[in-house]
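Read through the structure below, which is laid out as structure tokens, and then see the notes.
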Amino acid sequence: MQVVSTIAELRTAVAGARRRGSSIHFVPTMGALHEGHLSLMRAARDKGDFLAVSIFVNPLQFGPAEDFDTYPRDLRGDLVKAEAGGADLVFAPAVSEMYPRGEMQTRIDVGRLGEVLEGAFRPGHFAGVATVCAKLFNLVAADRVYLGRKDAQQVAVLQQMVRDLEMAVEIVPCPTVREPDGLAMSSRNQRLDPEGRRAAPAIYRALQAAEAAAATGPVSAEEVARAARRVLAEQPAVRLQYLEVVDPDTFEPVESVSQPALVVVAAHAGPVRLIDNVIVGTV
Ligand code: AMP
């Protein structure tokens with residue numbers, strides 16, 4: 001496995017793989033790798049050829065009051081995991097390599113999809129995500145990019161960007177990987193204190209309650225949301241930020257779950273902000 005930190009080295013490595021006739025598969029991450037990231041790498045590996053992984057905590061996607069400084073970082077541990085996960089190349093640039101001071105002015109605005117839900121609570125977040133991903137997709141020139149459904153709105157935002165800009169890359173959404181108690185794996189879980197860690201699985205239990213309510217037949221979105229909120233209300237250590245039943249493509253609220261709908265949730269456990277989602281109303 002090759003590890004590079006400059007754009008020039010990355011381009012050379014990718015060009016070499018192309019010359020050898022490999023297709024390029026790409027898993028972008030912010031590091032502190034866990035089983036969720038590794039599942040994306042395995043999905044990419046199954047398709048064979050050349051697997052590139054990026055590790056970059058992207059300052060553009062963090063608000064001023066958010067956790068950029070305290071976001072977990074462990075490059076050494078990540079390299080061991082990436083190698084075990086079958087990566088051929090890890091790109092781990094410094095912030096100054098991705099955004100040379102004063103030179104990086106462009107932002108990608110994906111419109112309404114970037115402004116609702118996560119975008120409403122984290123203004124500028126999706127412009128930061130779309131911008132860094134556009135840059136990474138250009139650099140890696142990947143045929144396929146593997147993204148986790150844990151960040152469902154991020155998948156939708158990046159699919160919209162790829163469609164709108166006719167980028168020659170296929171996005172492959174992959175299932176959410178969970179801890180045995182249901183908590184969606186996240187780098188941020190490392191920062192949960194013992195009480196927060198004990199309480200956090202209530203988020204997934206709430207989503208399961210939503211699934212159960214939706215499975216009873218045609219039902220209003222409000223009833224589904226109420227079933228989920230009831231579970232969270234029993235767990236005061238988890239502070240709900242939003243829980244909505246939305247259209248899986250537009251992320252706009254739906255009235256009923258006669259069609260498949262996404263139940264999306266964001267909540268705090270102590271200082272740690274967690275998100276999760278499930279799809280409901282499928283046959
Ligand atoms: P991050 O490092 O958190 O920015 O995540 C990098 C990629 O891994 C994104 O596509 C995430 O959606 C994905 N990912 C993070 N957590 C999980 C998980 N628990 N299951 C599946 N994919 C995940």
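A quick note: this is a predicted structure, and the numbers were derived from the prediction, not measured. Whatever order the structure lists them in is the order used to number ligands and atoms, beginning at 1.
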Contacts table for residues 85-96: side-chain donor-acceptor under 3.5 angstrom, sequence neighbours left out:
{"unit_1": "Asp88", "atom_1": "OD2", "unit_2": "Arg45", "atom_2": "NH1", "d": "3.3"}
{"unit_1": "Asp88", "atom_1": "OD2", "unit_2": "Leu51", "atom_2": "N", "d": "2.8"}

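The shortest side-chain heavy-atom distance between Leu139 and Arg11 falls under the 4.5 Å cut-off. When side chains are defined from C-beta on, Pro173 does not count as touching Tyr146, because their heavy atoms never get closer than 4.5 Å.
In this structure, Val265 belongs to a hydrophobic cluster whose other members, linked by side-chain heavy atoms under 4.5 Å apart, are Leu183, Leu192, Ile203, Tyr204, Leu207, Val219, Val224, Leu232, Val238, Leu240, Leu243, Val245, Val254, Val257, Val263, Val272, Leu274, Val278, Val280. When hydrophobic side chains of Ile, Leu, Val, Met, Phe, Trp and Tyr are connected at separations under 4.5 Å, Met185 ends up clustered with Val177.
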Which pairs of N or O atoms, one from ligand 1 and one from the protein, are separated by less than 3.5 Å, and what is the distance for each pair?
{"unit_1": "ligand 1", "atom_1": "2 (O)", "unit_2": "Met30", "atom_2": "N", "d": "2.9"}
{"unit_1": "ligand 1", "atom_1": "2 (O)", "unit_2": "His37", "atom_2": "NE2", "d": "2.8"}
{"unit_1": "ligand 1", "atom_1": "5 (O)", "unit_2": "His37", "atom_2": "NE2", "d": "3.4"}
{"unit_1": "ligand 1", "atom_1": "10 (O)", "unit_2": "Gly148", "atom_2": "N", "d": "2.9"}
{"unit_1": "ligand 1", "atom_1": "12 (O)", "unit_2": "Gly148", "atom_2": "N", "d": "3.2"}
{"unit_1": "ligand 1", "atom_1": "12 (O)", "unit_2": "Gly148", "atom_2": "O", "d": "3.1"}
{"unit_1": "ligand 1", "atom_1": "12 (O)", "unit_2": "Asp151", "atom_2": "OD2", "d": "2.6"}
{"unit_1": "ligand 1", "atom_1": "16 (N)", "unit_2": "Met185", "atom_2": "O", "d": "3.3"}
{"unit_1": "ligand 1", "atom_1": "19 (N)", "unit_2": "Val177", "atom_2": "O", "d": "2.9"}
{"unit_1": "ligand 1", "atom_1": "19 (N)", "unit_2": "Met185", "atom_2": "N", "d": "3.4"}
{"unit_1": "ligand 1", "atom_1": "19 (N)", "unit_2": "Met185", "atom_2": "O", "d": "2.8"}
{"unit_1": "ligand 1", "atom_1": "20 (N)", "unit_2": "Val177", "atom_2": "N", "d": "2.8"}

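Electrostatic pairing of Asp78 and Arg73 does not count as a salt bridge here, judged by no charged N lying under 4.0 Å from a carboxylate O.
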